[in-house]
Amino acid sequence: MTDQVTIIGAGITGIACARLLHRAGLFVRVFDKGRGIGGRMATRRGPQGMQFDHGAQDLPVSDPQFLAMLQGLGDAVAPWGDRGWVGRPGMSDVVRAMAAGLDVTQSAMVAGLRRDGAGWQIAIDDRWQDAGRVVLAIPAPQARDLLGCDHPFAAALDQVTYDPCVTMMAGLSPDAPRPFAWAEGSGAAAWIAHDGAKPGRQGQPLATWVMQADPEYSARHIDLAFDDLAAMMAPVLLDHLGAEPRHLQHSAAHRWLYARASRPLGEAFLADMDAGLLVGGDWALGPTARDGWSSGTAMAAQILRHG
């Protein structure tokens, strides 16, 4: 079997897998449809130099191996009180630091996947190219669609379910109240974070806040236009902060269809090693970025064991 491995998806799962394989001497290519790597480890840049962690908010460090990996990233990460660790200056910088030295192609939409002798071919931008062994590190529904409903993995992938999440980002004037660094609740305000209070985010002209809704609220409003969603959620944020409408200088919204796995696969990945195909993600083990990292490292270990 060739030493070439093609990974689809540049979130923490795909990059964790690629990193270990690259260090072991394999030739690894990573493709991702997004403009930036990280997946839901995402940082949105806004006007006036503002930034928002609008996806994953922090990283749990109960796993000693995961903590050791984070500590090895140097200034790209920092502890945030008792919440865990965060990327610095944004959550996307965690995966960006992990990807140093890797061959990552962004804005690459994978439209097809087919067997080709002992390996695979993938279609990117209407061009088929050799892929060797393939790792799909993308949400379970997307992996099922790429493989096809008649693939042996389809039934297992169909069993994975997700909760959506709608997110609102706000920039408030410097005189607005800042009553807490983070708070948990329900409805539109299931999570509120003073994003600008995280390490490495100081110096922004406005106070930056992120508010994420719970699954029920998110499912009800997932199809709203972003401007309408932001306008509906903004008063909720202001109320929780004790702020006034005049304090709101910027607002935007985002939706995550595959935010958190509500029913995971229950194992680290699916694999057909004879065919050279592995499929994994955070959805395989649970809802957190640590689960995604665990899936990616487990897939890399399986490839290296198989030779």
**OP:** Decide salt bridge (Lys or Arg N to Asp or Glu O under 4.0 Å) for Arg29 and Asp103; before the verdict, give the C-alpha distance in whole Å, the side-chain angles of both, and the deciding distance to 0.1 Å.
**Re:** CA-CA 5 Å; Arg29 299 181 304 165; Asp103 181 353; 5.7 Å; no
**OP:** Report the C-alpha distance between Leu21 and Phe27 in whole Å, list the side-chain angles of each, state the deciding distance to 0.1 Å, and finish with yes or no for side chain to side chain contact (heavy atoms under 4.5 Å, CB included).
**Re:** CA-CA 8 Å; Leu21 296 178; Phe27 175 63; over 6 Å; no
Original post:
Between Asp291 and Thr288, is a side chain to side chain donor-acceptor pair (under 3.5 Å) present by the stated rule, with each step listed?
Top reply: CA-CA 5 Å; Asp291 295 315; Thr288 70; 3.0 Å; yes
**OP:** Would you check, one step at a time, whether the test side chain to side chain contact (heavy atoms under 4.5 Å, CB included) holds for Leu20 with Thr297?
**Re:** CA-CA 7 Å; Leu20 292 180; Thr297 56; 3.7 Å; yes
Subject >> Arg290/Asp282 under salt bridge (Lys or Arg N to Asp or Glu O under 4.0 Å): CA gap, chis, key distance, verdict >> reply: CA-CA 8 Å; Arg290 193 272 315 274; Asp282 55 359; over 6 Å; no
Original post:
Between Leu237 and Met169, is a side chain to side chain contact (heavy atoms under 4.5 Å, CB included) present by the stated rule, with each step listed?
Top reply: CA-CA 10 Å; Leu237 174 65; Met169 297 155 275; over 6 Å; no
Subject >> CA sep, side-chain torsions, deciding dist, call: Gln249, Leu172, side chain to side chain contact (heavy atoms under 4.5 Å, CB included) >> reply: CA-CA 5 Å; Gln249 303 296 307; Leu172 274 61; over 6 Å; no
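Environment of CG in Asp126: sparse, with no more than 12 heavy atoms of neighbouring residues, nucleotides or ligands closer than 6.0 Å. Heavy-atom neighbours of Gln129 CD from other residues, nucleotides or ligands within 6.0 Å: above the threshold of 12. Annotation: Asp228, atom CG; neighbour count of heavy atoms from other residues, nucleotides and ligands within 6.0 Å is above 12.
Closest of all the heavy-atom pairs between Ala189 and Val236 is CB-CG1, 4.1 Å. Here the closest heavy-atom approach between residue Trp283 and residue Ala261 is recorded as CA-CB, 3.7 Å. Pairing each heavy atom of Pro205 with each of Pro174, the nearest pair is O-CG, 3.5 Å. Closest of all the heavy-atom pairs between Gln51 and Asp195 is O-OD1, 3.5 Å. The shortest non-hydrogen separation linking Ile8 to Ile138 is O-CG2, 3.4 Å. Minimum heavy-atom separation, Val86 to Met91: CA-SD, 3.7 Å.
With hydrogens and angles disregarded, a donor-acceptor distance shorter than 3.5 Å links the side chain of Ser295 to the backbone of Gly281. In terms of modelled atom types and a separation under 3.5 Å, the side chain of Gln202 and the main chain of Pro199 share no donor-acceptor contact. A donor-acceptor pair is defined here as one N or O able to donate and one able to accept, closer than 3.5 Å; such a pair exists between the side chain of Ser262 and the backbone of Thr161. For the pair Gln48 (side chain) and Gly171 (backbone), a donor-acceptor distance under 3.5 Å is absent. Of the possible polar contacts, one joining the Asp272 side chain to the Ala275 backbone as a donor-acceptor pair under 3.5 Å is found. No donor-acceptor pair closer than 3.5 Å links the side chain of Asp53 to the backbone N or O of Gly90. Remark: the backbone N or O of Ala137 is not paired with any side-chain donor or acceptor of Thr13 at under 3.5 angstrom. The backbone N or O of Gly55 sits less than 3.5 Å from a side-chain atom of Gln212, completing a donor-acceptor pair. For the pair Lys198 (side chain) and Gly87 (backbone), a donor-acceptor distance under 3.5 Å is absent. Between the side chain of Arg115 and the backbone N or O of Gly117, at least one donor-acceptor pair lies under 3.5 Å.
Here the two rings, on His54 and Phe52, have centers that are 6.0 Å apart or farther. In this structure, the ring of Trp85 has its center no less than 6.0 angstrom from the ring center of Trp80.
A cation-pi arrangement is found for Arg114 relative to Trp128, the charged atom lying closer than 6.0 Å to the ring centre and inside a 45° cone about the ring normal. Relative to the six-membered ring of Trp182, Arg83 meets both conditions, a distance below 6.0 Å and an angle of at most 45° to the axis.
Between Pro139 and Tyr162, some side-chain heavy-atom pair lies under the 4.5 Å cut-off. Here the side chains of Leu70 and Val61 are in contact, with some heavy-atom distance below 4.5 Å. Considering only heavy atoms from C-beta on, Leu278 stays 4.5 Å or farther from Leu270 through its side chain. Side-chain atoms of Met168 and Val210, non-hydrogen and from C-beta on, never get closer than 4.5 Å to each other. Side chains of Ile303 and Val135 form a contact here, defined as non-hydrogen atoms less than 4.5 Å apart. For the pair Arg44 and Thr208, the minimum side-chain heavy-atom distance is 4.5 Å or more. Between Ile124 and Phe31 there is a side-chain heavy-atom pair separated by less than 4.5 Å. Asp214 has its side chain out of reach of Trp191: every pair of non-hydrogen atoms, C-beta onward, lies at least 4.5 Å apart.
Distance check, rounded to the nearest 0.5 Å: CG of Leu248 to CD of Glu244 gives 12.0 Å. Within the model, atoms CG of Leu238 and OG of Ser251 stand 9.5 Å from one another, a figure rounded to the nearest 0.5 Å.
By the criterion of side-chain heavy atoms lying less than 4.5 angstrom apart, applied directly or through intervening Ile, Leu, Val, Met, Phe, Trp or Tyr residues, Phe66 is grouped together with Ile15 in one hydrophobic cluster. Clustering ILVMFWY residues whenever any of their side-chain heavy atoms sit less than 4.5 angstrom apart, transitively, puts Ile7 in a cluster other than the one holding Val110. Under the 4.5 Å side-chain heavy-atom criterion for ILVMFWY residues, no single connected hydrophobic cluster contains both Val134 and Val30. Met109 and Leu257 are not part of a single hydrophobic cluster, where members link through side-chain heavy atoms under 4.5 Å apart. Cluster membership check: Leu285 does not share its hydrophobic cluster with Leu157, using side-chain heavy-atom separations under 4.5 Å among Ile, Leu, Val, Met, Phe, Trp and Tyr.
Ionic pairing of Asp93 and Arg88 is not present here: no N-O contact between side-chain nitrogen and carboxylate oxygen is shorter than 4.0 angstrom. A salt bridge is absent between Arg260 and Asp163; no separation between the charged side-chain nitrogens and carboxylate oxygens falls under 4.0 Å. Under the 4.0 Å criterion applied to side-chain N and carboxylate O atoms, Asp175 and Arg246 are assigned as salt-bridge partners.
Partner of Trp209 under the ring pair (Phe, Tyr, Trp, His ring centres under 6.0 Å) criterion, chosen from His240, His250, His194, His247: His194.
For the residue pair Asp130 / Gln121, a side-chain donor-acceptor distance below 3.5 Å is found, with atom types taken as modelled.
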